[in-house]
Amino acid sequence: SSMPMDEIYHAARVESDAQSYWDQHQSFAATEDPTREKYYCLSMFPYPSGKLHMGHVRNYTIGDVLSRFMRMQGKNVLQPMGWDAFGLPAENAAMANGVPPAKWTYDNIAYMKKQLQSLGFAIDWTRELATCRPDYYQWNQWLFLRMLEQGIAYKKAGTVNWDPVDQTVLANEQVIDGRGWRTGAIIEKREIPMYYFAITQYAEELLGDLAKLPDWPERVRTMQANWIGKSVGVRFAFRVNGVARSALGSPPSTSGRGNEGEDDEALLWVFTTRADTIMGVTFCAVAAEHPLATYAAKNNPQLAAFIDECKRGSVMEADIATMEEKGMSTGISVTHPLTGEKIPVWVGNYVLMGYGEGAVMAVPAHDDRDYWVAVKNHLPIKKVIRSDTEIYLESQLRDLESTPQDPELIDKRPLIESLRQDLETVRKKPCETERGVCINSGKYDGLNYTAAVDAIAADLNAKGLGEKKTMWRLRDWGISRQRYWGCPIPIIHCAHCGDVPVPDKDLPVVLPEDCVPDGSGNPLNKRADFVNCKCPKCGANAQRETDTMDTFVDSSWYYARFASGRGASAMVDRETDYWMPVDQYIGGIEHAILHLLYSRFWSKVMRDLKLVSYDEPFKRLLTQGMVLNEIFFRKPSSGRVQYFNPVDVELKLDDKGQRAGALLKSDGQAVESGGIGTMSKSKNNGIDPQQLIELYGADTARLFVMFAAPPEQTLEWSDTGVEGAARFLKRLWKLVHTHVGLGSAARVEVAVLNEAQRAMRRMLHETLAKVTDDYARRRTFNTAIASVMELINALYKFDDLSAQSRAVKQEALDDVVIMLAPIVPHISHELWKALGHDNAVIDARWPSVDDSALTRASIELVVQVNGKLRGRIEVALDAKSADIEAQALADANVQRFTAGKQIKKVIVVPGKLVNVVVT
RNA sequence: GCCGGGAUGGCGGAACUGGUAGACGCGCUGGACUCAAAAUCCAGUAGUGGUGACACUGUGGGAGUUCGAUUCUCCCUCCCGGCACCA
């Protein structure tokens with residue numbers, strides 16, 4: 001029943017046929033079906049930058065392979081696609097070309113959609129969305145209003161980069177060396193009102209729920225945990241001697257309860273994770289911006305100058321890291337809350353105003369930074385902790401010294417000596433940051449870390465001067481952007497009523513799509529038709545907010561929208577609960593922190609608003625590796641380095657295949673190699689996927705990308721590797737063509753197969769078992785492809801034309817096509833038909849392994865002598881250990897190595913090897 | 001500084017639970033086909049020695065556990081990623 005088949009593989013014809021079949025049959029439109037197990041496979045949606053790059057091809061191929069595999073396993077698969085369409089590049093393109101960002105974006109979407117379709121991805125295009133469409137972003141606005149009602153969204157002043165020439169706010173990446181990227185003007189910091197999402201309210205849950213994500217890479221979970229940055233400690237206050245509370249204006253934090261009001265002395269609040277060292281405090285340090293520092297500097301020009309220097313200090317993280325600890329006395333003292341001692345207050349350049357209380361207690365004996373400030377300024381150092389290492393070494397030494405030397409055992413004196421030296425080193429350490437047990441601490445002596453912190457916190461609490469407290473590194477999420485191409489924040493400013501939320505009935509606040517930004521300010525401010533409106537409360541003339549939302553807002557919930565019914569009239573509908581959570585999420589590691597954290601936060605907000613029922617949006621995460629390529633350049637004696645694309649470079653090899661040089665094709669002159677790096681515009685080492693598809697076809701591109709490396713690792717581009725992938729597909733085509741050319745094959749009759757046929761069939765089912773495991777559990781598509789290649793190499797050699805051999809070959813080719821179908825779907829579609837099947841290969845079920853085909857009568861065992869391979873023996877599957885042993889010892893080569901030696905023992909590992917141990 | 005991941009032929013990579021190191025692909029070498037080239041097919045391909053059967057060495061370096069270590073433990077070197085005066 002098979003139809004005639006081309007002798008030669010024409011990728012373009014095969015691919016357009018398969019794609020139009022899927023199109024006509026709406027093969028990938030996914031529908032809710034409670035009777036079937038669902039599988040929601042999502043790849044991070046692209047920013048429509050213009051055209052696909054290799055990273056996209058890799059990302060979406062991984063997702064497509066998993067989707068197609070799961071479909072053949074019988075799951076109800078959803079694989080959607082959309083566009084993260086708001087953002088700064090559209091505004092930049094608009095300035096460069098004078099085109100509105102909307103037009104540029106929609107044109108890019110149209111082109112890139114074509115590209116995605118030409119790669120044959122099994123996408124449900126009926127669910128396509130673009131975040132710049134009002135029917136999507138209206139729900140950003142709607143949820144923003146709900147968050148405002150819940151106190152999860154709020155307004156406060158925030159700092160922005162201000163370009164004084166263009167009169168505009170710049171994103172961090174538009175500030176180069178402290179200057180505006182377009183004007184070169186020195187950038188100022190400005191405080192302006194902005195909206196925030198209180199993600200810190202969810203900090204505890206976002207941290208704790210990482211434990212619910214065992215199928216996320218550990219790396220990503222650690223990065224998120226570090227980013228959230230929980231520290232548990234004690235917040236407490238020192239009384240400031242002789243300074244009235246009113247003198248400090250508004251102290252940074254006086255929210256502490258208790259009897260602090262009984263006098264008018266100001267309080268200096270600090271936070272510490274090492275309350276156990278509180279008896280070792282010899283000074284306090286405050287940030288340059290701290291009110292106490294400002295107060296002290298009033299009549300102290302030297303201090304004022306120092307504070308200025310600290311404030312001017314670089315904010316580059318790398319500089320901060322290498323910066324020297326510096327301090328200067330304020331001349332003010334505080335009272336230690338537990339000992340009543342007078343403690344001097346210093347300004348420290350290492351104290352951050354933005355974290356904790358902007359002030360720290362300083363314990364030079366147990367904190368490195370405090371130590372260096374103390375040493376430089378001759379401040380006292382008081383040791384109050386005996387470290388766990390010191391205690392451990394002491395006990396070891398005591399045990400060794402107290403037991404007599406056993407003459408049978410090795411001499412223990414050298415060990416004692418080395419322990420003594422270690423102990424000496426530990427005791428001499430001027431600054432010990434390790435935890436341990438309190439000493440020189442009065443009533444707290446002998447307490448370990450936990451007990452000491454509890455006791456000290458309780459005593460501080462009794463005096464009304466402190467409590468246990470948890471501090472977070474995570475900050476609330478500022479979402480206001482002073483940019484045009486984003487989702488408008490639905491707020492109206494009224495002179496009488498203040499900031500008024502846009503009523504639900506007036507949503508969406510539609511962004512005009514015909515603006516062309518010119519680089520000076522937000523063009524929305526110049527659009528009277530957008531800005532001018534009526535106050536929803538009092539009806540007076542009012543102005544619309546022109547700030548738009550951070551584009552991370554758009555991408556924080558698109559997965560839930562995909563899962564909703566098409567054109568849902570709410571933010572999400574009940575269909576979401578069928579598909580969500582995403583079973584497999586795939587994307588770049590660069591989103592490990594922000595996007596994934598915001599999405600997790602947003603899901604929890606939606607859950608608390610009873611919109612969805614899941615806690616975590618992404619069950620399983622795969623972070624694909626980068627795509628790399630070699631970098632070629634020339635460095636003229638004067639002028640800039642010139643980079644050349646690898647396609648324009650020819651490699652010279654010596655006769656061992658080793659690199660002898662590289663020449664530019666156009667002029668035949670040498671170029672230098674700059675090693676391997678990520679494909680980038682600046683290094684001119686990118687490969688255009690479009691050219692690849694046109695030259696070899698989508699299947700070759702997909703095969704290469706999946707074969708060259710496992711998905712999580714980096715992938716090195718290789719032209720010859722691509723040719724190898726194309727060669728393999730030609731070989732596959734030829735194998736099937738030759739087979740079907742001989743007419744249809746009989747059914748396999750297991751009972752009559754000869755040894756060679758059984759062996760062929762065994763290999764087939766072993767391969768099937770391995771490939772299934774590689775897809776389903778290991779996600780190592782490269783090894784799955786490698787074992788199918790081995791099978792095909794064996795099938796080429798299995799050229800006996802008897803009826804049963806042809807039957808075995810038919811079974812093998814059927815399964816080969818199925819095993820490759822997720823990776824190279826087009827050629828598989830065609831070959832499946834050619835092999836005589838009436839259905840399409842996408843509707844074929846994944847075959848199960850025939851365990852009876854795996855059995856064998858005898859197996860080969862490896863024989864080792866003292867762990868070295870010396871021979872091989874063939875033994876019956878059920879051979880007894882004693883017989884195996886005898887056979888192994890009888891092997892001629894084994895005897896060469898055992899002759900004249902005494903056999904100590906023989907280890908038989910069933911099914912694997914025999915190891916003969918001789919002396 | 002702290003946290004995480006790595007290092008295997010000429011190259012990309014494989015070896016999954018401690019059990020034959022180098023699967024598969026690329027490249028290279030030789031051969032077949034061809035007037036020739038390309039394509040294709042066949043054979044070889046970790047290094048050293050040997051015509052060969054084989055032997056020795058070998059998974060960044062050093063030690064250890066084990067009958068047996070790319071795999072486990074300790075120390076060291078280098079590379080990549082994240083966080084970074086976070087109290």
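Quick caveat: nothing in here was measured; it's all calculated off a predicted structure.
For A:Ser231, the listed nucleotide lying nearest its side chain is B:A87; candidates were B:C41, B:G13, B:A87. In this structure, the nucleotide among B:A55, B:A14, B:U40 sitting nearest to the side chain of A:Gln713 is B:A14.
The gap from the C1' atom of B:G64 to that of B:G50 amounts to 36 Å, rounded to the nearest Å. Separation of the P atoms belonging to B:U57 and B:A43 is 32 Å when rounded to the nearest angstrom. Straight-line distance between the C1' atoms of B:A63 and B:G13: roughly 30 Å, to the nearest whole Å. When the P atom is compared between B:C11 and B:C83, the two are found 32 Å apart, to the nearest whole Å. Separation of the P atoms belonging to B:C79 and B:C72 is 23 Å when rounded to the nearest angstrom. Between the C1' atoms of B:U77 and B:C26, the separation comes to 31 Å (whole Å). A gap of 33 Å separates the P atoms of B:G10 and B:G4, to the nearest Å. Taking atom C1' in both B:C24 and B:G9, the straight-line distance is 14 Å, to the nearest Å.
A distance below 6.0 Å separates the ring centres of A:Trp477 and A:Tyr598. The aromatic ring centres of A:Trp472 and A:Tyr355 sit 6.0 Å or more apart.
Rounded to whole Å, atom P of B:A69 lies 11 Å from atom CG of A:Asn866. Distance A:Glu712 CD to B:G12 P: 20 Å, rounded to the nearest Å. Going from atom OH of A:Tyr350 over to atom P of B:A87 covers 13 Å, rounded to whole Å. Separating the CG atom of A:Leu651 from the P atom of B:C26 is a distance of 17 Å, rounded to the nearest angstrom. A:Trp472 places its CH2 atom 13 Å from the P atom of B:A87, with the value rounded to the nearest Å. Straight-line distance from the CZ atom of A:Arg274 to the C1' atom of B:C86: 15 Å, rounded to whole Å. The CZ atom of A:Phe728 sits 14 Å away from the P atom of B:U40 (whole-angstrom rounding). We find that CZ of A:Arg221 is positioned 12 Å from C1' of B:G4, with the value rounded to whole Å.
At a threshold of 4.0 Å, the pair A:Lys230-A:Glu204 counts as salt-bridged, since one of the basic side-chain nitrogens sits closer than that to a carboxylate oxygen. Between A:Lys383 and A:Glu432 there is no salt bridge, since none of the side-chain N atoms of the basic residue sits less than 4.0 Å from a carboxylate O of the acidic one. Between A:Glu766 and A:Arg856, at least one side-chain nitrogen of the basic residue sits less than 4.0 Å from a carboxylate oxygen of the acidic one, meeting the salt-bridge criterion. Salt-bridge annotation for A:Glu860 and A:Arg872: present, with a side-chain N of the basic residue lying under 4.0 Å from a carboxylate O of the acidic one.
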I'd like a list of close polar pairs between nucleotides 77-82 of chain B and the protein, N/O only, cut-off under 3.5 Å.
none

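Neither OP1 nor OP2 of B:A87 sits under 4.0 Å from any side-chain N or O of A:Arg473. An OP1 or OP2 oxygen of B:A87 is reached within less than 4.0 angstrom by no side-chain nitrogen or oxygen of A:Arg235. An OP1 or OP2 oxygen of B:A55 is reached within less than 4.0 angstrom by a side-chain nitrogen or oxygen of A:Arg870.
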Check your understanding: Where along nucleotides 18-25 of chain B does protein come under 4.0 Å, by heavy atom, of base (B) or sugar-phosphate alone (S), with - for untouched nucleotides?
Key -> -BB--BBS
**Study point:** Per-nucleotide pairing state of RNA chain B [Watson-Crick or G-U, under 3.5 Å; [ ] pseudoknot-crossing; | other strand]
**Key:** (((((((..(((......[....)))((((((.......))))))((((....))))..(((((..]....))))))))))))....
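The CD1 atom of A:Ile307 sits 11.5 Å away from atom NE2 of A:His290, with the distance rounded to the nearest 0.5 Å. A:Gln224 contributes atom CD, which lies 8.0 Å from atom CG of A:Leu206 (distance to the nearest 0.5 angstrom). In this structure, the separation between CG on A:Leu820 and CD1 on A:Ile785 is 7.5 Å, given to the nearest 0.5 Å. Distance check: A:Asp699 CG to A:Tyr9 OH gives 4.5 Å after rounding to the nearest 0.5 Å. Taking CZ of A:Phe781 as the reference point, atom OG1 of A:Thr61 lies at 10.5 Å (rounded to 0.5 Å).
Using a 4.0 Å heavy-atom cutoff across all strands shown, A:Val906 reaches no nucleic acid atom at all. Within the 4.0 angstrom heavy-atom criterion, only backbone atoms of the sugar-phosphate kind lie near A:Lys868; the bases stay farther away. Within 4.0 Å (heavy atoms only), A:Lys770 reaches at least one base atom of the nucleic acid. Among the heavy atoms of the strands, none lies under 4.0 Å from A:Tyr796. Counting non-hydrogen atoms under 4.0 angstrom, A:Asn893 reaches the backbone sugars and phosphates but no base.
One cannot find a donor-acceptor pair under 3.5 Å joining the base of B:C54 and the side-chain atoms of A:Arg896.
Along RNA chain B, the nucleotide closest to A:Pro710 and the one closest to A:Met471 are compared, and the more 5′ of them pairs with A:Pro710.
Using cut-offs of 30° and 60° on the angle between ring planes, the pair A:His595 and A:His591 is perpendicular.
Nucleotide B:G12 carries an anti base; the chi torsion (O4'-C1'-N9-C4 or O4'-C1'-N1-C2) is more than 90° from 0.
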**Study point:** Derivation and outcome, side-chain contact (heavy atoms from CB on, under 4.5 Å), residues A:Phe283 and A:Val373
**Key:** CA-CA 10 Å; A:Phe283 65 101; A:Val373 172; 3.9 Å; yes
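In this structure, the side chain of A:Trp227 does not engage the main chain of A:Thr222 through any donor-acceptor pair within 3.5 Å.
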